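The structure appears right after this line, and notes come after that.
The model shown is predicted, which means the values in this text are computed figures rather than measured ones.
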Amino acid sequence: MDEFALIRRHFAGLTPQGDGVVLGVGDDAAVLQPVSGCELVVTSDTLVAGRHFPAETAAGDIGWKSLAVNLSDLAAMGARPRWFTLALTLPDADDTWLAAFAAGLRTLADAHGVALVGGDTTRGPLSITITALGEVPTGQVLRRDGARPGDAICVTGTLGDAALALQQGSAADATLRARLDRPTPRIDAGLSLRGLAHAALDLSDGLFGDLRHILDASRVGAVLEVDALPMSPAFRAAAAAAASRCALQLAGGDDYELCVCLPADAVDRAAARLDVPLTRVGRITAEPQLCLVDAAGHTITPSFTAYRHFP
């Protein structure tokens with residue numbers, strides 16, 4: 001089938017008119033109408049086969065995850081998702097694969113009311129690029145540069161599940177595998193943290209590396225308490241030694257949880273607003289360095305390095 005037939009067959013249901021879509025798929029560009037009094041938040045991510053997901057990953061899971069990682073970025077900014085574009089590079093136009101990919105994409109898009117408004121298709125090694133657009137009331141966006149000494153560092157959900165699933169491959173527990181293949185973007189948490197969090201980001205490359213983005217932008221340091229890192233029951237049961245757990249939780253990546261810096265006296269208030277657990281894992285310091293400590297306060301020298309996109 002040609003490019004336009006492919007789009008009509010598999011993605012037409014993702015392209016509704018209305019809800020801010022003045023002109024959607026089918027023209028040279030989309031025309032969108034943001035809500036008055038809101039700022040537009042834009043993010044883009046590319047997923048490449050063999051780099052960002054195992055080659056054997058199911059097509060529906062790839063569709064879901066491609067959108068989820070972008071929605072996670074919007075969640076970290078406190079933005080409500082509205083629209084997205086899709087640039088899809090395919091080795092060939094496999095109708096069965098495309099139907100499953102579109103179904104996974106549609107399931108998550110429908111759950112958050114996000115509309116597909118444009119994109120492109122071409123032939124080549126499998127890769128998916130999504131650009132997602134969201135809105136946040138003027139002046140309420142969550143940023144990386146607002147952390148202050150004394151702030152509590154908190155994370156949503158649990159850490160390390162996806163990294164352990166990737167490590168274990170086909171032997172991984174189904175719960176862990178779902179965290180790798182179909183991560184949950186913390187949209188509601190991001191919306192609830194507006195007006196409370198001083199800084200926030202999503203955890204794609206691991207807490208140990210990602211937190212440094214907040215520290216650099218805010219010109220502060222941090223102490224992380226490794227024994228406080230939240231674990232799911234499946235992770236606790238499957239991960240072996242404590243040192244291995246620490247590396248998976250801090251540097252494994254693919255968590256897509258939120259890391260937020262909050263006034264210490266606002267943590268309980270923030271936790272009460274969220275639909276997911278919020279765990280305090282450290283504190284912001286004035287000294288510009290990142291230290292790891294155990295439950296007794298002893299400094300730990302990491303035996304791992306942060307994830308790098310260009311090793």
Side-chain angles (χ1 to χ4, degrees), residues 11 14 30 32 40-55 57-90 101-102 104-109 111-122 124-136 141-144 156-157 161-163 165-166 178-187 189-190 200-207 209-214 217 251-259 306-311:
F11 301 105
L14 284 159
L32 308 173
L40 197 61
V41 181
V42 183
T43 185
S44 187
D45 270 294
T46 296
L47 272 66
V48 178
R51 179 66 174 174
H52 298 100
F53 55 87
T57 304
D61 294 338
I62 296 171
W64 173 294
K65 189 168 185 175
S66 298
L67 181 57
V69 301
N70 283 272
L71 298 189
S72 182
D73 284 333
L74 295 182
M77 304 292 288
R80 185 178 300 280
R82 297 292 306 279
W83 313 287
F84 72 99
T85 64
L86 168 67
L88 185 58
T89 302
L90 298 165
F101 173 86
L105 190 68
R106 182 179 296 111
T107 300
L108 187 60
H112 293 284
V114 192
L116 176 65
V117 294
D120 190 26
T121 59
T122 191
L126 178 61
S127 71
I128 305 100
T129 298
I130 285 181
T131 297
L133 301 92
E135 295 173 332
V136 63
V141 70
L142 301 178
R143 299 169 49 145
R144 297 179 176 184
T156 60
D161 296 330
L166 184 62
R179 291 273 287 158
L180 173 66
D181 292 337
R182 298 207 173 199
T184 301
R186 301 301 187 186
I187 299 296
L201 50 60
D202 87 316
L203 298 175
S204 56
D205 297 335
L207 178 61
D210 285 333
L211 178 59
R212 292 180 185 274
H213 300 312
I214 286 180
D254 266 349
D255 293 308
Y256 297 104
E257 296 291 350
L258 300 185
C259 172
Y307 178 85
R308 298 175 64 186
H309 290 268
F310 293 93

message: Please determine whether side chain to side chain contact (heavy atoms under 4.5 Å, CB included) holds for the pair Phe53 and Asp61, giving the CA-CA distance in whole Å, both sets of side-chain angles, and the decisive distance to 0.1 Å.
response: CA-CA 10 Å; Phe53 55 87; Asp61 294 338; over 6 Å; no
message: Give me the atom names and distance for the closest heavy-atom approach of Leu258 to Gly190.
response: CD1-N, 3.8 Å
message: Looking at every non-hydrogen atom in both residues, tell me the closest pair between Ala162 and Leu180 and how far apart they are.
response: CB-CA, 3.7 Å
More than 12 heavy atoms from other groups under 6.0 Å of CZ on Arg143: no
task: Evaluate side chain to side chain contact (heavy atoms under 4.5 Å, CB included) for Leu133 paired with Arg82, printing each intermediate quantity in order.
output: CA-CA 6 Å; Leu133 301 92; Arg82 297 292 306 279; 5.6 Å; no
query: Taking C-beta and beyond as the side chain, do Trp64 and Asp181 meet within less than 4.5 Å on heavy atoms?
result: no
Closest non-hydrogen atom pair, Arg182 against Gly104: NH2-CA, 4.2 Å
- prompt: Is there a side chain to side chain contact (heavy atoms under 4.5 Å, CB included) between Phe101 and Leu86 once you walk through the steps?
  reply: CA-CA 12 Å; Phe101 173 86; Leu86 168 67; 4.2 Å; yes
task: Look only at the side chain of Ser66 and the backbone of Ile62, and say whether a donor-acceptor pair between them is shorter than 3.5 Å.
output: yes
- prompt: What pair of heavy atoms forms the shortest contact from Ala76 to Leu142, and how long is it?
  reply: O-CB, 3.4 Å
query: Step by step, would you call Ser204 with Val69 a side chain to side chain contact (heavy atoms under 4.5 Å, CB included)?
result: CA-CA 8 Å; Ser204 56; Val69 301; over 6 Å; no
field: Inter- and intrachain pairs under salt bridge (Lys or Arg N to Asp or Glu O under 4.0 Å), touching residues 65-79, at least two apart
entry: Lys65-Asp254
task: Can you see which heavy atom on Ile130 is nearest to which on Asn70, and at what distance?
output: O-OD1, 2.9 Å
- prompt: How long is the span from the CZ atom in Arg179 to the CG atom in Leu166, to the nearest 0.5 Å?
  reply: 14.0 Å
query: Which heavy atom in Thr156 sits nearest to a heavy atom in Ala189, and how many Å separate them?
result: CG2-CB, 4.4 Å
statement: Here the gap from Phe84 atom CZ to Thr131 atom OG1, rounded to the nearest 0.5 Å, amounts to 11.0 Å
query: Is a side-chain N or O of Asp210 found less than 3.5 angstrom from the main chain of Asp205, in a donor-acceptor match?
result: yes
